[in-house]
Protein chains: 2
Amino acid sequence: MIDTFETQLREHGLSVTAQRLTLLQTISDYPHITADQATEIARKQLGSISRQSVYDTLNMLVEKGLARRIQPFNSPALFEDRVGDNHHHLVCRNCGAVEDVDCAVGYRPCLQASDDNNFVIDEAEVTYWGLCPKCQSKNSKSRKSTPQTRKAKS
Amino acid sequence: MIDTFETQLREHGLSVTAQRLTLLQTISDYPHITADQATEIARKQLGSISRQSVYDTLNMLVEKGLARRIQPFNSPALFEDRVGDNHHHLVCRNCGAVEDVDCAVGYRPCLQASDDNNFVIDEAEVTYWGLCPKCQSKNSKSRKSTPQTRKAKS
DNA sequence: ATCAAAATTTGGACAATGTCCATAATTTTG
DNA sequence: CAAAATTATGGACATTGTCCAAATTTTGAT
């Protein structure tokens, strides 16, 4: 697996470093991970890695199309491995849980805008908002968790 | 017009204050406005208003369904007046420009998730990503403006 | 109108997320 | 292996947003 990551980096003209390999592994192991969480996990592998390297690497992976970034409201950016299939996301308004949803169309942009305003559109990002099963049951209590609340628990 | 805003507030059991009326007017006048920009504009009307009041008010308006919040990557949250028609947005990857796009369906959620993972879905938010007409032409230069760059210009 | 209670606003501190920059370290190239 | 290029590091800093307690304003009932 690590070998595949190395190949991916080289194919994009990037130097191969332990930091990058580890982060590729990390977002592959933990879809929808934050930069902070990725830093924690990468540090267990590497001993240490700077916060800046994590941001640099994740941003670069997104730029190169090796990772995807989603940014739900009230949440730091989440990174995922799964790329190129234009899948979508289900986000819980209460607890922030994120699930993947396959795109019925499967290629980008999967939707036609009713009027493109002369934009050149390359992607239609769909976010379904609602309540996850867990938050449906404890509906009446602990609603509206703040970002802090959510973060504290993690 | 101000009168309508007053009515809207009262209907939702909210006190009527100059700050709230001004902010309702502001997001009506300037769709896709940031909290900071709204603060600037509101201050011209009111003389002064605290940053906290702006955030409180905008958050409250969103919560009550009197405003909508969108949050494109690399941009602070944007607020808009237009509510309840489940329209969508076109976002320029280069300069961050945002345009409204009507939803062909018109009511929420306008899309069916391919698998709802047992979520109760109430909205499908669609963001079309691409390049606006202006950024298509000056394609080769000034790509990838950072948030800073964008902010500086505004 | 007036007053007490409730709701709102204020300002200052603080938190979270992310970027800038110059230097050090590592990786690649020849 | 050494030079050149790329990457990583850490510390400062910017931006966006929230917490909190005190002051002010609005509301509802006389």
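So that the names make sense, note that chain A is the first sequence line, chain B the second, and so on, each numbered from 1.
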Notebook entry, point to check: Just to confirm, is there a sub-4.0 Å distance from OP1 or OP2 of D:dT18 to any side-chain nitrogen or oxygen of B:Asn59?
Noted result: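 So the side-chain polar atoms of B:Asn59 do come within 4.0 Å of the phosphate oxygens OP1 or OP2 of D:dT18, strictly under.
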Margin query: With a 4.0 Å limit, can you tell me whether A:Tyr55 has a side-chain N or O closer than that to the phosphate oxygens OP1/OP2 of C:dG18?
Written below: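 Result: yes.
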Length of the [atom1]-[atom2] vector between [X] and [N], whole Å:
| X | N | atom1 | atom2 | value |
| --- | --- | --- | --- | --- |
| B:Arg10 | C:dT8 | CZ | P | 12 Å |
| B:Leu21 | C:dT9 | CG | C1' | 14 Å |
| B:Asp36 | D:dA14 | CG | P | 15 Å |
| A:Leu9 | C:dT28 | CG | P | 10 Å |
| A:Leu58 | C:dG18 | CG | C1' | 12 Å |
| B:Leu24 | C:dT8 | CG | C1' | 15 Å |
| B:Glu63 | C:dT8 | CD | P | 12 Å |
| B:Lys64 | C:dA7 | NZ | P | 11 Å |

Checklist line | Result of checking A:Leu14, A:Val16, A:Leu24 against A:Glu6 for side-chain contact (heavy atoms from CB on, under 4.5 Å) | finding: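 By the side-chain contact (heavy atoms from CB on, under 4.5 Å) criterion, A:Glu6 pairs with just one of A:Leu14, A:Val16, A:Leu24: A:Val16.
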With no hydrogens and no angle check, just 3.5 Å: does a side-chain donor-acceptor pair link [X] and [Y]?
| X | Y | answer |
| --- | --- | --- |
| A:Thr34 | A:Gln37 | yes |
| A:His87 | A:Glu80 | yes |
| B:His88 | B:Asp102 | no |

Check: Can you tell me if B:Ser53 uses its side chain to pair, donor with acceptor, with the backbone of B:Ile49 under 3.5 Å?
Finding: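 Such a contact is absent between B:Ser53 side chain and B:Ile49 backbone.
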Item checked: Test item: A:Glu125 side-chain N/O and A:His89 main-chain N/O as donor-acceptor pair under 3.5 Å ->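 No, the answer is negative, given that no donor and acceptor are paired below the 3.5 Å cut-off.
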Side-chain heavy-atom pair [X], [Y] within 4.5 angstrom cut-off:
| X | Y | value |
| --- | --- | --- |
| B:Val126 | B:Cys103 | no |
| B:Phe119 | A:Glu99 | yes |
| B:Val98 | B:Leu78 | yes |

Item checked: Annotated protein contacts, base or backbone, on nucleotides 6-11 of chain D with a non-hydrogen cut-off under 4.0 Å, one of B, S, - each -> SSSBBB
Notebook entry, point to check: Just how large is the angle between the end axes of the helix from C:dA1-D:dT30 to C:dG30-D:dC1, five pairs per end, to 10 degrees?
Noted result: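 That helix gives 40° between its end axes.
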